Every structure is written in C-alpha cells, then in structure tokens.
Amino acid sequence: MDVTRCDSVKLNGMNKPSTNERGSYGHAQKMQVAMTYVFGCLQRLGNLPWHESELHSSQMLGNPSVSVEVSSYMCSLWRHKVQAGEVAVSAHAITSHILKRMYYFNHHPENWAILDYWPGGHGDSSSESSHWAGGCIRHCLHAAYTIAFLCMLHSDKALKIQLHDLHFFSNGLILMLPFRKTHQNGDIKPFWLWIMPTEAHLCAVQAIAEWIMASRIVTGYWFQKFASGDRIAEANQPLTSERFLELFCNNLLDIGVDPLPYGTHSFQHGGCQYLHIEHQWPLHCICEWGGWSLEFTNLTIVKYLISHNDDATEPHEHFFNPDHSPSVKCLHCGRLCPCA
C-alpha cells in the first residue's frame, strides 16, 4: 500500500511529474482507515494513539496509524489538494420546499395518471420535457423521496428495501432494514413512520400506500426496474442508483431547479437538516433515529448539518445589522422571511 501515490510530493521533497496519476484525498482516507484496522484488529494494538511508554522510554505503544504524525500529514495533504483544486464537493441538501414543489408538480392529473400501456411511451420519444416519465414512475419516485428523506437513507439503501421489510399498523408503518453499516451485529432499530396530515408532501405512509396500489407489487424489491411504456420490469431487480439519480434530476428540471449540485446523498443530507432545523430535534435524537454513532469524535453529523455548498440562510451583511430581524424559515411555505 503506497500512501505517497495520493501526494504530489515525493518522500525526498521533489515534486512528482504532472503526468503521474495521483489518488484523491478520499482514497487517502480509505488507506488510513485500512491501516488503522490492520494495526488495531489484526495486530491487536487497539485504537489508542501512538505514544511512548511511561515505563520504558524506548518502547512505543498504541496504534501507529492513530498518531500525531499521520494526522499532521493528512491535514497537510488536504491543504495541498485544496490548493490544487482537488476538493471533494458534497451533494447539495434537498429541502422540504423542493420536495413540496415536486410533489405538486407530480400530482398534476396529466402527470400522476397511470395510462394504459403503449410501446415506447413516456420519455423515449416524446417532445414534451415533462413527459420523460409516466404516472407509475412518478408514484415510485415520490415514495422513494419520502423514505430516503425522513429516514435519512442513502438512495442505494432505500432502493434495496423489499416488501417484507414493511409492516403496516393503523396510523402508520414500520420499516425494518435488514442491515445497517453501524449495526453489523444486529440490534437494528426500526423506523416508525406515522401519518403526517399537515405535511402531505412528506408523508411516507401515504406515498407508500399510493405506490403499492399503483405498482401492485406483492413480493420482492419495492422499487424495481422499469421497462418501456411506464411498466415495471418482470425481473425482480431493484432500481439502480444511477437510474434513480437520472430520474431525480429530470424531476428537478420539471420545477426549474438545476440538478447539477444534487446527488445520491442529497436526501440523507437534507433529511438531517430538516429534522434539526425545522423540527428542532437535538443531535442525539437525530443520531438515534438514523442509527448513527453517538460518538461525536469524528463529527460525521456536522457534514450533513453544515456544508459550504448549501444555500445561505442569512445574507452575510445582515448578521449584525440592528435594523434587520433574523430570517426564520417558514415551516409551511419554505421561504425565508423576518416575519415567518
């Protein structure tokens, strides 16, 4: 494992030729995690920082990958990557206001209706920009949006949900995921989703019920691949993340939103902000709901709450302006205004 292949400088201080291929900062982070695992688990050195023994001055203890030197190198590598323009940009957070706009657009009768099958229909050859998808696809997308947003799921995780993972009760449903990255040994807490009458555009229970009735899926993956003519493919195969992202971007174009900043993490990112800002959930509740680690040492949750490419909530010149009241986001219309 050559950690220097991510750097633009050789170990002797000389610059590498520009023709040499270099790994990204994200690749360097993965290499550091791998080394931490090898020393900590395979070599049984644990996760204590690398330090000199208090009893024997010549003896070093702990994990060499968790050291001041490695941390200093990673910080230096990050600065070099930023200066070279190699900055990894996180996906733009989707907002409840954008989801509301897509909800009303998709629910237009001409967009929401599921028509009889006709070969090549809905998106393959139509000249109308809004006809890239039929009612069946729009039912599917809206259900996927609400699940990924409220449960703060990466789109790939949401698309792998199967029908037996859902259990309905009188006022809602229970979603039990079979596997979570942070709960590899079981004890996965289910998501209890309730009817949301005041926020119909985010009500996962309604969206799921409408999708089940429209798709008539009785077994297998809940979000399956589509064939031509707005039909679900016969093979029980989940919709891919790439195809979902393509459909999501088309839906954003429907309402005049540039899809370029958005990605497969947008719903996980936006759902976290929605719960914290609009519903004022404390951080530990968000982590418990999402099944995230409660160890705040790596501050993973901060990446979802604060991102440099999100829309500014307040004009910079108004922070200390005595004649300007702080803007508050309206929970109903999604707009920022002093009187909200």
Side-chain angles (χ1 to χ4, degrees), residues 91-116 118 120-151 153 155 158-159 193 195-215 222-224 226 228-232 239 241-271 273-274 278 310-311 329-337:
H92 203 93
I94 196 70
T95 65
S96 60
H97 180 53
I98 291 179
L99 289 177
K100 187 174 185 178
R101 292 174 58 190
M102 289 195 296
Y103 169 82
Y104 284 115
F105 184 91
N106 290 336
H107 276 71
H108 286 169
E110 63 273 16
N111 296 329
W112 198 244
I114 300 177
L115 306 178
D116 294 334
W118 50 283
H122 302 305
D124 296 330
S125 59
S126 175
S127 59
E128 296 289 339
S129 60
S130 61
H131 289 175
W132 53 269
C136 191
I137 290 179
R138 293 184 187 274
H139 277 75
C140 174
L141 289 178
H142 180 58
Y145 294 163
T146 56
I147 281 291
F149 187 75
L150 294 180
C151 299
L153 297 177
S155 62
L159 297 175
L193 299 172
I195 296 175
M196 304 170 64
T198 60
E199 295 180 285
H201 58 290
L202 297 178
C203 183
V205 178
Q206 177 183 340
I208 292 168
E210 291 176 342
W211 170 233
I212 291 178
M213 293 179 61
S215 64
W222 191 28
F223 302 110
Q224 299 183 14
F226 286 90
S228 62
D230 197 37
R231 295 178 305 129
I232 299 176
L239 194 67
S241 294
E242 294 77 13
R243 178 58 175 161
F244 172 78
L245 182 59
E246 178 186 349
L247 297 172
F248 170 49
C249 290
N250 286 337
N251 211 174
L252 289 173
L253 290 173
D254 285 339
I255 59 174
V257 174
D258 182 11
L260 185 60
Y262 297 91
T264 53
H265 275 87
S266 292
F267 293 91
Q268 193 174 30
H269 189 170
Q273 293 188 6
Y274 164 78
E278 298 190 28
D310 285 340
D311 295 329
K329 187 170 185 177
C330 177
L331 301 182
H332 297 284
C333 69
R335 292 177 295 182
L336 294 172
C337 54

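Keep in mind the model is a prediction, meaning the values are calculated, not measured.
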- Among all residues two or more places apart in sequence or in another chain, which pass the side-chain hydrogen bond (donor to acceptor under 3.5 Å, both in side chains) test with W211? none
- Which atom of D254 lies closest to which atom of R138, heavy atoms considered: OD2-NH1, 3.2 Å
- Task: Mind checking the CD1-CD1 spacing from I208 to I147? Nearest 0.5 Å is all I need.
- Result: 3.5 Å
- Task: Answer yes or no: is there a side-chain heavy-atom contact under 4.5 Å between Y103 and H142?
- Result: yes
- Message: Measuring only between side-chain heavy atoms, which start at C-beta, is W132 closer than 4.5 Å to L247?
- Response: yes
- Task: Quick one: list whatever passes side-chain hydrogen bond (donor to acceptor under 3.5 Å, both in side chains) with S241, sequence neighbours left out.
- Result: D156
- Output the distance between atom OG1 (T95) and atom NZ (K100), rounded to the nearest 0.5 Å. 11.5 Å
- Task: Please round to the nearest 0.5 Å and tell me the distance separating atom NE2 of H107 and atom CE of M102.
- Result: 12.5 Å
- With rounding to the nearest 0.5 Å, note down the distance linking CD in Q268 to SG in C151. 11.0 Å
- Query: With no hydrogens and no angle check, is any side-chain donor or acceptor of R231 less than 3.5 Å from a backbone partner on S228?
  - Reply: yes
- How long is the gap from CG on L239 to CG on L245, to the nearest 0.5 Å? 11.0 Å
- Can you list the steps and then say if I94 with H269 is a side-chain contact (heavy atoms from CB on, under 4.5 Å)? CA-CA 7 Å; I94 196 70; H269 189 170; over 6 Å; no
- Item | Contact summary for H201 and T146, nearest pair of heavy atoms | O-CG2, 3.8 Å
- Query: Which heavy-atom pair separates F149 from S96 by the least distance, and what is that distance?
  - Reply: CZ-N, 4.1 Å
- Message: Less than 4.5 Å apart, side chain to side chain, heavy atoms only: is that true for W222 and I212?
- Response: yes
- Query: Would you call the rings of F248 and Y145 parallel, tilted or perpendicular if under 30° counts as parallel and over 60° as perpendicular?
  - Reply: perpendicular
- Between V205 and L193 the two heavy atoms that sit nearest each other are CG2-O, 3.5 Å
- Item | N106 CG to L99 CG distance, which is reported to the nearest 0.5 Å | 10.5 Å
- Identify, with sequence neighbours excluded, every residue that meets side-chain hydrogen bond (donor to acceptor under 3.5 Å, both in side chains) alongside Y274. E199, H279
- Query: For the residue pair G135 and I114, what are the closest heavy atoms and their distance?
  - Reply: C-CG1, 3.8 Å
- Task: Might you point out which heavy atoms bring F267 and A148 nearest each other, and give the distance in Å?
- Result: CB-CB, 3.7 Å
- Looking at N251, V257, L253, which hits side chain to side chain contact (heavy atoms under 4.5 Å, CB included) with I255? V257
- Message: If the test is side chain to side chain contact (heavy atoms under 4.5 Å, CB included), which one of L115, D230, L141 qualifies with C136?
- Response: D230
